[in-house]
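Structure first, commentary second.
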Amino acid sequence: MFLSVFDMFKVGVGPSSSHTIGPMVAAARFLDHLRAQPFKVAGLRASLHGSLAFTGVGHATDRAVILGLAGFVADDYDADKAEAELARIRDAHTVSPAGLGALAFHPKDDVIFDFGPPLPGHANGLILRGLDAQGDVVTQITYYSIGGGFVLTDAELAAGKDADDGPAVPYPFKSAKEMLQMAETSGKSIADMKRANELSRRDAGGLNAGLTRIWQVMNACIDRGLATDGTLPGGLNVRRRAKGIHDALMAERGLNQPAPHTINDWMSMYAMAVNEENAAGGQVVTAPTNGAAGVVPATIRYWLDHVPGASEKAVPEFLLTAAAIGGLIKFNASISGAECGCQAEVGSASAMAAAGLCAVMGGTPEQIENAAEIALEHHLGMTCDPIRGLVQVPCIERNGLGCIKAVSAASLSLRGDGVHLVPLDAAIETMRQTGMDMSEKYKETALGGLAVNVPNC
C-alpha cells in the first residue's frame, strides 16, 4: 500500500478539501475527458448530491465547480483572477476552458443542488454533463469526492481504484502492525521507510523540494492568519480571533511569568490562524483535509517556537511520519467528514501530528504508533456538524484542541516504552465502524448537532 506524502499534503484552497478542492479536481478531469472525445460539446451542467448539496453553499462547492469548469486548479489558485472570471461567467453565461472554446454555462441554472438521497458510491457525489447545442446530454461522468481532495469516478470506485497500482515500494505496510514489524526488521525509522517508498517513485531532489514547499505554504498560512483580523465570510459574522490572541500573547511576553496553561493558547492560536484562512478561502495545505488543516502545521510551529532544540531541518521527518500514519487511516478507514464524521478529519490530523511530533522528539517506532493511537482514540465519535454548513463553527476551535491533544499524546507516549493496550490498528477500525454507525445528520450535512441547535441567521 502506498499513498504519497504529497497525496496526504496537497496545496489547495479553502474552505474544504472534499467540497472545494475535490470538485475542482473532478471538473479538471471532466475537461480532459471532453478534450479526448471525437465530438464537441456546446454546454456544461453539474449536479451536486448528498453532502455536496446540503452544505455545498457554505463550503463554496458551487463556486469550485464553476471555476473548475473554467479551467482553474487548486494548486496555483489566484483569488483575484478567480473573482474576475466568476463575474465574467455570471454575465456572459459561458466558460472557456483551454482547448474547448466557449461553452454555454449559466451558473444559476447549470449548477443543480439535488437534496434527495446521496448517490450510491459516497456521500460526496457530483455528476458532470456535456450538452449539445439543443441542451441534450451527450456525455456524463459521476465523480465522488472521497475526502482530502481525492476524487474517483463511479467506475473507478467500483473497480477499487482507490488502492495504489504503481510499482512496488520497499516497505509496503498496510497496517500499523506491519509498519512496526518492518521497522524492527529493517532497523529504519518510520520516516526513513516512508522516504524510501517515496524515492521509489521520484528523485530525491523532487522529494526534498516538495516537502520544503509543503512546510513553506503551511507556515505562510499561519503567518497570514496571525496578521489578519476582521469577519469571516458566509453570514455567521464569525470574527477572526487568531490575530487578537497573538497580539495579547506577545504583549504578555517579558511581563510576569505566564501561567503554564498559556502554552495551550499558543497552540490553539496557530491552528486557528490556519483555519481562519481556510474559512476565508485562502491557500492552505490539506493535512489530511482542509477542515483539519490547522492541526499539523500548528503542532510543527509549536515545536519550532517553543521546544528547545527544535530545528526546521527535521520538519521533513515530521511530515513523512505524519503522512505514513495518515495513509494507514485513509487506507483502512476514512479521512472524510461526510463518510465518518469529524473523527475522520480532526481525529486523523491529531493522530498524524502526534506521530510526527513524537518522531522529531526522538520517539521509537513503537512510541510513535502509541502517540497516534492515543490521539485518535480520544477523538472517536466526534461528529461533523458545521453551523450553516460553513467550515467555521465548531471547526476552527476544534483544530486548536486537536493540536493540544496531539502534543499531549506525543508527550504521554514519550513517557512510556511504546507498550500499550489498544493498538493503532484497533483504533482505526473502531473509527471506521463508528463512522458507519453514525447518523447521516452528523456527517457534514448540517442536519444535526450544533448545526440545528445554535441559531445561524
Side-chain angles (χ1 to χ4, degrees), residues 5 8-9 175-177 179-180 183 189-191 194 215 218 263-264 266-268 270-271 274 285-289 291-307 310 314-330 332-333 335 342-382 398-428 430-431:
V5 64
M8 301 310 299
F9 298 118
S175 67
K177 181 179 180 179
M179 178 181 73
L180 293 179
S189 69
I190 293 170
K194 182 65 176 167
W215 171 237
M218 285 179 169
I263 193 62
N264 290 337
W266 284 94
M267 286 187 270
S268 293
Y270 293 138
V274 172
V285 176
T286 65
T289 67
V295 179
V296 167
T299 306
I300 297 175
R301 184 70 173 260
Y302 154 76
W303 171 64
L304 289 173
D305 288 1
H306 301 278
V307 178
V315 169
E317 180 184 4
F318 190 116
L319 294 174
L320 289 165
T321 305
I325 299 302
L328 291 177
I329 297 172
K330 184 182 184 304
N332 292 297
I335 57 171
C342 198
Q343 58 173 355
E345 295 205 31
V346 171
S348 298
S350 188
M352 293 165 64
L357 181 60
C358 186
V360 297
M361 293 186 68
T364 64
E366 291 77 14
Q367 289 172 318
I368 292 166
E369 184 262 359
N370 188 16
E373 186 281 323
I374 294 170
L376 183 60
E377 179 183 334
H378 296 289
H379 283 88
L380 290 176
M382 182 174 283
R398 190 168 281 176
N399 275 256
L401 274 293
C403 174
I404 291 170
K405 286 186 181 182
V407 173
S408 297
S411 182
L412 280 173
S413 69
L414 287 166
R415 294 289 182 183
D417 59 5
V419 177
H420 57 108
L421 181 63
V422 180
L424 175 58
D425 290 329
I428 292 172
T430 301
M431 189 264 275

Among residues at least two apart in sequence or on other chains, which ones pass side-chain hydrogen bond (donor to acceptor under 3.5 Å, both in side chains) with T286? none
So, the side chain of Q343 versus the backbone of M431: is there a donor-acceptor pair under 3.5 Å, distance only? yes
Can you list the residues that meet the side-chain hydrogen bond (donor to acceptor under 3.5 Å, both in side chains) rule with W303, with sequence neighbours excluded? none
Kindly indicate whether the side chain of M8, heavy atoms from C-beta on, has any atom under 4.5 Å from the side chain of V296. no
Verify, without hydrogens or angle tests, whether N399 (side chain) and V346 (backbone) share a donor-acceptor contact under 3.5 angstrom. no
Salt bridge (Lys or Arg N to Asp or Glu O under 4.0 Å) with K194: which residues, sequence neighbours excluded? E198
Verify, without hydrogens or angle tests, whether E317 (side chain) and A314 (backbone) share a donor-acceptor contact under 3.5 angstrom. no
Residue that, paired with L357, satisfies side-chain contact (heavy atoms from CB on, under 4.5 Å) out of V407, L414, I300: V407
Expected output: side-chain N370 to main-chain G418 donor-acceptor under 3.5 Å: no
E373 side-chain N/O to A427 backbone N/O, donor-acceptor pair under 3.5 Å: no
Mind checking the OG-NZ spacing from S350 to K405? Nearest 0.5 Å is all I need. 7.0 Å
Between E345 and R398, is there a side-chain heavy-atom distance shorter than 4.5 Å? no
Should the pair W266 and Y270 be assigned to parallel (<30°), tilted (30 to 60°) or perpendicular (>60°) ring geometry? tilted
Does D425 use its side chain to pair, donor to acceptor, with the backbone of K177 at less than 3.5 Å? yes
Okay, side chain of T430, backbone of A426: is any donor-acceptor separation there less than 3.5 Å? yes
